[in-house]
**Q** 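If you scroll down you'll find the structure; I have some questions about it.
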Amino acid sequence: MGTSFDKILVLVGFISLFHSAYSAAQHRSYLRITSQEFTTLPLDIVVQAVVSLFTVMWGVLNIAGNLREIPAANELNTIRWETQRNLPSFYIFNHRGKALAFNYVPVAGKADLENLE
């Protein structure tokens, strides 16, 4: 997993990112108070936001560990061809299709058993 330096790097990056967002909001309110038109953010706020975003991304990638490939074919190679589409969770044995059989005899249900007494 990540070292403590990487975790501190993520924390500092998040704090810097929130500070740049707060600075952008303060800049917008300053422009509203002075009745100036908003054109762009100052360069220092933009640079701080971009650098802190990349700092957070770098720290998170180091904390998460090495990225690995997800081989879907590897998992499918272990399954035999006969059982690939075998999904027992979709088996339904008690359905209305049995009523279509020519030799179907209805089974006494719970309501029929109550009426016998």
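Source: prediction; values computed, not measured.
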**Q** Which pair of heavy atoms, one from S52 and one from A49, lies closest together, and at what distance?
**A**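 For S52 versus A49, the nearest heavy atoms are OG-O, 3.0 Å.
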
**Q** If you take all heavy atoms of W58 and L9, which pair is closest and at what distance?
**A**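 Of all heavy-atom pairs spanning W58 and L9, the closest is CD1-CD2, 3.6 Å.
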
**Q** Who passes side-chain contact (heavy atoms from CB on, under 4.5 Å) against F54, sequence neighbours left out?
**A**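 Result, side-chain contact (heavy atoms from CB on, under 4.5 Å) vs F54: V50, M57.
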
**Q** Looking at residues at least two apart in the chain, or sitting in another chain, which of them share a side-chain contact (heavy atoms from CB on, under 4.5 Å) with Y22?
**A**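 Testing Y22 for side-chain contact (heavy atoms from CB on, under 4.5 Å), a comparison that skips the adjacent residues, returns Q26.
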
**Q** Answer yes if F18 and V60 sit in the same cluster of Ile, Leu, Val, Met, Phe, Trp and Tyr residues linked by side chain heavy atoms under 4.5 Å apart, and no otherwise.
**A** yes

**Q** Shortest non-hydrogen contact from T55 to V51?
**A** OG1-O, 2.7 Å

**Q** For residues I63 and F14: do they belong to one hydrophobic cluster (side chain heavy atoms under 4.5 Å, members Ile, Leu, Val, Met, Phe, Trp, Tyr)?
**A** yes

**Q** Show me, pair by pair, the donor-acceptor contacts under 3.5 angstrom made by side chains of residues 33-48, not counting sequence neighbours?
**A**
unit_1	atom_1	unit_2	atom_2	d
T34	OG1	Y30	O	2.9
T34	OG1	L31	O	3.4
Q48	NE2	S16	O	3.3
Q48	NE2	S16	OG	3.4
Q48	NE2	H19	ND1	3.0

**Q** Could you point out which residue of T3, I8, V10 forms a side chain to side chain contact (heavy atoms under 4.5 Å, CB included) with D6?
**A**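 For D6, the side chain to side chain contact (heavy atoms under 4.5 Å, CB included) check succeeds only for T3.
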
